[in-house]
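These notes are about the structure you will find just below.
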Protein chains: 2
Amino acid sequence: MYTQLSEHIRRFVTLTVDEEQLLQAKIQSKTLKKKEFLLQPGKVCPGNYFVVKGCLRLYFVNDKLNEQITQFAIESWWIADYDSLLNKQPSQCYIQAIEPCELFFLPAMHQTELFEQVPKLQTYFYIMMQKAFVASQRRIGFIFNQSDEERYRHFVKLFPGFIQRVPQYMLASYLGFTPQFLSRLRAKKD
Amino acid sequence: MYTQLSEHIRRFVTLTVDEEQLLQAKIQSKTLKKKEFLLQPGKVCPGNYFVVKGCLRLYFVNDKLNEQITQFAIESWWIADYDSLLNKQPSQCYIQAIEPCELFFLPAMHQTELFEQVPKLQTYFYIMMQKAFVASQRRIGFIFNQSDEERYRHFVKLFPGFIQRVPQYMLASYLGFTPQFLSRLRAKKD
DNA sequence: CGCGACGTTGATTTGCCTCAACGATTGTGG
DNA sequence: CCACAATCGTTGAGGCAAATCAACGTCGCG
């Protein structure tokens with residue numbers, strides 16, 4: 001069970017056995033039922049979560065009272081509200097389980113301690129953050145340069161199989177259009 | 001001149017005199033004329049640039065042969081094509097000076113060395129990256145939840161004075177609409 | 001069984017783009 | 001120093017993609 005995280009880290013940095021144990025000591029397991037919340041508005045995000053099994057969404061409620069999904073997380077992804085985590089401010093977001101989930105939780109304070117004990121772990125999280133940043137820059141590029149239809153086709157190609165795991169209205173929200181429009185897209189050709 | 005970077009770092013981590021000197025030794029000065037390029041497609045982004053004075057844009061040319069600006073950088077911001085830098089792949093972007101610029105250049109290889117010598121600098125860049133990620137997540141939120149008009153008003157409120165530094169068509173590109181539309185917005189009420 | 005959640009489909013509206021023409025300003029070569 | 005081109009902004013007319021509003025079908029679950 002812990003091996004999944006361990007393997008993921010090994011893809012980017014090499015830890016000694018001692019260092020692995022330091023990490024393991026700081027990590028907690030957590031399970032969520034479907035539709036259960038990991039974070040709700042008003043609470044400060046307490047740390048980082050690593051998805052062992054399951055699927056979550058990060059979203060907020062916009063001015064028009066619609067849910068706007070900004071991120072999904074599946075197996076071997078980290079998720080947190082970094083805006084809240086970094087600035088120690090109350091979150092404005094929900095993080096919710098779409099499926100039953102098994103997670104690892106790394107509390108923010110433990111993480112800072114860890115970085116001093118094991119600088120290589122800071123390197124690992126630095127790389128994760130760079131990847132996340134690059135991904136969101138790419139996403140901004142796609143938003144501005146592709147039509148909604150192109151973006152949908154592109155997403156399906158990029159994450160085949162994922163569409164079966166989430167309701168269509170969530171996918172529509174993530175892609176930035178209405179469920180009705182997505183339904184029409186699928187009717188055209190699929 | 002170097003003090004500007006030094007002060008910026010001090011806002012996040014505290015360096016000893018020795019550590020500051022290690023950093024200074026790795027950094028190069030660079031100046032750009034207006035419209036000069038810092039990076040062009042096909043070249044691997046060689047490192048990070050810190051803007052001492054001036055203003056730059058990062059953009060790429062999309063399928064419809066329009067320039068799509070994804071980032072601006074002004075005084076005390078870092079800029080680079082992280083997609084290229086992180087994956088060591090040829091860039092698909094241009095980074096161009098909008099005004100005459102004074103920059104500091106931190107080559108990628110020097111940066112990795114520095115991180116080993118001075119872990120606190122890795123912490124600093126980790127924080128920068130987190131901030132950049134949060135900013136781009138917020139931007140995605142704005143794109144999906146505000147009309148083009150609202151986004152323009154919001155941007156002007158957030159960076160008053162900046163609109164005088166860049167041509168309108170660049171601002172329109174960054175905000176994701178046409179120069180004509182921006183012109184109409186300004187005509188309405190300003 | 002009946003209710004709520006989710007998806008589909010049709011009719012209408014609208015925000016923004018496209019195409020096009022025209023000023024104003026800046027820059028450049030003769 | 002002027003003439004001309006290039007760049008940038010403005011304005012008008014027409015078109016289209018996607019939203020909105022609304023009704024209906026279907027599945028799963030208490």
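- In this structure, CG of A:Leu171 is placed 14 Å from C1' of C:dC6, rounded to the nearest angstrom.
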Let me see the working for B:Arg165 and B:Glu75 under salt bridge (charged side-chain N to carboxylate O under 4.0 Å, His left out), right down to the final yes or no.
-> CA-CA 12 Å; B:Arg165 290 178 71 173; B:Glu75 287 78 13; 3.1 Å; yes
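- Rounded to whole Å, the distance from CD on B:Glu150 to P on C:dG15 is 11 Å.
- A ring pair (Phe, Tyr, Trp, His ring centres under 6.0 Å) with A:Trp78 is found for one member of A:Tyr49, A:Phe125, A:Phe104 and no other, namely A:Phe125.
- Note: A:Phe133 and B:Tyr82 meet the aromatic proximity criterion, with ring centroids under 6.0 Å apart.
- The residues A:Glu149 and A:Arg153 are annotated as salt-bridged, a charged nitrogen and a carboxylate oxygen being separated by less than 4.0 angstrom.
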Can you check each nucleotide of nucleotides 7-24 of chain D against protein heavy atoms at under 4.0 Å and return B for base, S for sugar-phosphate only, - for none, in 5' to 3' order?
-> -SSBBBB----SSBBB--
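- Aromatic rings of B:Phe181 and B:Tyr152 (six-membered ring for Trp) have centroids beyond the 6.0 Å cut-off, not under it.
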